[in-house]
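A short write-up of the structure that comes next.
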Amino acid sequence: RIQHFASKGAMDIDGLGKKLVKKLVSEGIIKDFADIYDVDEMTLASLERMGKKSAQNLVEQISKSKNTTLPKFLYALGIRHVGEQTSKLLAEYFESLDALQNATIEDLQNVESIGGEVAKSIIDFFNKTETKKLIEKLNRRGINIAPIKRSNSEGIFINKRFVLTGTLHAFTRSHAREEIEKRGGKVVASVSRNIDYLIVGNDPGSKLDQAKLLNIPLLSEQEFIEWIK
């Protein structure tokens with residue numbers, strides 16, 4: 001878990017590799033990944049094959065890693081079933097760690113590609129006393145998670161939530177999501193009362209029936225194209 005926390009896609013602590021992590025753990029210097037931020041140059045320099053310069057460089061990398069992003073931090077935590085892409089989707093949807101920690105199963109299943117098993121894994125992870133203590137410990141050591149920055153050049157979809165159904169011809173799903181997000185909106189996976197619009201392509205599935213039952217406004221692909229012109 002410590003090695004994963006320090007890896008490139010996570011907190012990206014250059015120089016803190018597998019062998020050094022094993023050494024730090026076996027020597028009792030660190031017990032969890034929050035302890036990384038208590039390691040000092042003198043302690044590192046005293047280790048076998050770790051010179052003063054290497055120790056200094058590593059301490060600098062550890063300090064640098066305190067400034068991170070929400071997707072990287074979520075991935076670093078090592079939540080079961082939550083890889084880099086899912087971490088990014090969670091960060092974009094909830095925008096803050098507090099919001100994610102307080103999310104319900106229904107909230108999580110509104111995120112694209114997150115089903116019941118993944119949602120339960122996330123809920124279980126944040127409900128653990130161990131997790132709460134680790135996050136508190138990291139906060140005390142000065143971890144700074146940068147806020148999500150959205151490109152709202154036009155802002156016409158600010159605070160609007162969309163669901164896509166059926167086959168789109170002018171867009172791939174990811175392209176349509178990008179067009180919505182850069183205008184301040186969000187794309188979620190499932191239909192609920194919190195949805196503002198359903199974009200309907202060819203051969204729509206059950207989401208169309210659900211949207212009609214909830215009186216959610218429908219947009220054809222052409223109407224969506226006209227809106228974003």
Side-chain angles (χ1 to χ4, degrees), residues 1-103 111 114 118 121-122 124-152 178 181-182:
R1 290 182 66 188
I2 295 168
Q3 187 183 343
H4 171 79
F5 182 84
S7 65
K8 190 169 184 62
M11 300 301 278
D12 193 16
I13 304 175
D14 190 28
L16 191 56
K18 183 177 180 179
K19 288 183 179 179
L20 183 53
V21 168
K22 287 181 73 173
K23 184 71 172 173
L24 291 168
V25 172
S26 66
E27 295 280 343
I29 297 168
I30 61 176
K31 294 179 181 178
D32 58 50
F33 46 68
D35 288 340
I36 292 170
Y37 297 98
D38 293 332
V39 177
D40 57 39
E41 284 184 36
M42 187 177 294
T43 301
L44 288 171
S46 69
L47 297 174
E48 187 179 356
R49 297 182 182 179
M50 176 65 77
K52 184 177 179 180
K53 184 62 177 175
S54 296
Q56 182 182 0
N57 289 340
L58 181 53
V59 168
E60 287 176 0
Q61 288 297 316
I62 290 170
S63 179
K64 180 181 174 184
S65 76
K66 288 183 179 182
N67 293 308
T68 188
T69 64
L70 185 55
K72 282 181 170 288
F73 184 77
L74 293 177
Y75 179 58
L77 290 176
I79 306 167
R80 191 180 179 205
H81 302 311
V82 176
E84 288 186 74
Q85 181 58 25
T86 302
S87 296
K88 183 173 182 289
L89 291 171
L90 287 167
E92 289 174 346
Y93 187 90
F94 290 101
E95 300 185 4
S96 74
L97 183 61
D98 284 344
L100 176 57
Q101 286 177 290
N102 293 316
V111 182
I114 292 186
V118 179
S121 177
I122 294 166
D124 290 346
F125 178 83
F126 284 114
N127 281 338
K128 288 179 181 176
T129 301
E130 177 195 2
T131 300
K132 292 174 182 177
K133 286 181 178 179
L134 268 174
I135 291 174
E136 286 174 8
K137 196 172 175 181
L138 287 165
N139 287 335
R140 289 197 302 270
R141 279 146 184 79
I143 298 298
N144 178 42
I145 302 172
I148 297 293
K149 291 182 180 179
R150 297 186 176 277
S151 172
N152 298 325
E178 285 173 10
E181 288 178 350
K182 75 182 184 181

Check: What is the distance from atom CG of N67 to atom CG of N144, rounded to the nearest 0.5 Å?
Finding: 5.0 Å
Notebook entry, point to check: Checking side chain to side chain contact (heavy atoms under 4.5 Å, CB included) for the pair L100/L70: CA distance, chi angles, key distance, verdict?
Noted result: CA-CA 11 Å; L100 176 57; L70 185 55; over 6 Å; no
Next item on the list: Kindly say whether E60 contributes a backbone atom to a donor-acceptor pair with the side chain of S63 at under 3.5 angstrom?
Entry: no
Note to self: Please list all pairs meeting ring pair (Phe, Tyr, Trp, His ring centres under 6.0 Å) that have one or both residues in residues 27-47, counting only residues at least two apart or in different chains.
What the structure shows: F5-F33
Item checked: Nearest non-hydrogen partners of L74 and A91, listed with the distance -> CD1-N, 4.1 Å
Check: Hey, does the side chain of S65 reach the backbone of I13 with a donor-acceptor pair shorter than 3.5 angstrom?
Finding: no
Note to self: One pair to check against side chain to side chain contact (heavy atoms under 4.5 Å, CB included): K137 and D35. What are the steps and the verdict?
What the structure shows: CA-CA 9 Å; K137 196 172 175 181; D35 288 340; 2.7 Å; yes
Checklist line | From E41 atom CD to S46 atom OG, the distance as rounded to the nearest 0.5 Å | finding: 12.0 Å
Item checked: Side chain to side chain, I114 and L90, heavy atoms closer than 4.5 Å -> yes
Check: Within a reach of under 6.0 Å around NZ of K66, are more than 12 heavy atoms found that belong to other residues, nucleotides or ligands?
Finding: yes
Next item on the list: Supply the atom-to-atom distance L134 CG to K128 NZ, rounded to the nearest 0.5 angstrom.
Entry: 10.5 Å
Note to self: Quick one, L24 and L44 - any side-chain contact, counting heavy atoms below 4.5 Å?
What the structure shows: yes
Item checked: Polar side-chain atom of T68 near backbone of M11 as donor-acceptor pair, under 3.5 Å -> no
Next item on the list: Please name the pair of heavy atoms, one in R80 and one in S121, separated by the smallest distance, quoted to 0.1 Å.
Entry: O-OG, 2.8 Å
Item checked: Distance in Å, K132 NZ paired with Q101 CD, rounded so as to fall on 0.5 Å steps -> 8.5 Å
Margin query: Tell me whether R49 at atom CZ has more than 12 heavy atoms from other residues, nucleotides or ligands lying less than 6.0 Å away.
Written below: no
Next item on the list: Mind checking ring pair (Phe, Tyr, Trp, His ring centres under 6.0 Å) for H4 and listing every partner two or more places apart, or none if nothing turns up?
Entry: Y75
Notebook entry, point to check: Got a donor-acceptor contact below 3.5 angstrom from the D124 side chain to the N127 backbone?
Noted result: no
Notebook entry, point to check: Does F73 reach the side chain of L138, with side-chain heavy atoms less than 4.5 Å apart?
Noted result: yes
Next item on the list: Flag the pair D32 / I2 as yes when at least one side-chain heavy-atom distance between them is below 4.5 Å, and no otherwise.
Entry: no
Note to self: For the CZ atom on R141, are there more than 12 heavy atoms of other groups (residues, nucleotides or ligands in this structure) within a distance under 6.0 Å?
What the structure shows: yes
Check: Between atom CD of E136 and atom NZ of K133, what is the distance when rounded to the nearest 0.5 Å?
Finding: 9.0 Å
Next item on the list: Under the side chain to side chain contact (heavy atoms under 4.5 Å, CB included) rule, what do I135 and I143 come out as? Steps first, then yes or no, please.
Entry: CA-CA 9 Å; I135 291 174; I143 298 298; over 6 Å; no
Note to self: Between T43 and E27, is there a side-chain heavy-atom distance shorter than 4.5 Å?
What the structure shows: no
Item checked: Smallest separation among heavy atoms of D40 and V59, with atom names -> C-CG2, 3.9 Å
Notebook entry, point to check: So does K88 have more than 12 non-hydrogen atoms from other groups sitting under 6.0 Å from NZ?
Noted result: no
Next item on the list: Write out all pairs satisfying side-chain hydrogen bond (donor to acceptor under 3.5 Å, both in side chains) with one or both partners inside residues 7-17, taking only residues at least two apart or from two chains.
Entry: none
Check: Can you find a pair of side-chain heavy atoms, one from L20 and one from L58, that are under 4.5 Å apart?
Finding: yes
Checklist line | Heavy-atom closest pair, residues A45 and A55 | finding: N-CB, 3.7 Å
Check: Nearest 0.5 Å, what's the OG-CD1 distance between S87 and I79?
Finding: 6.5 Å
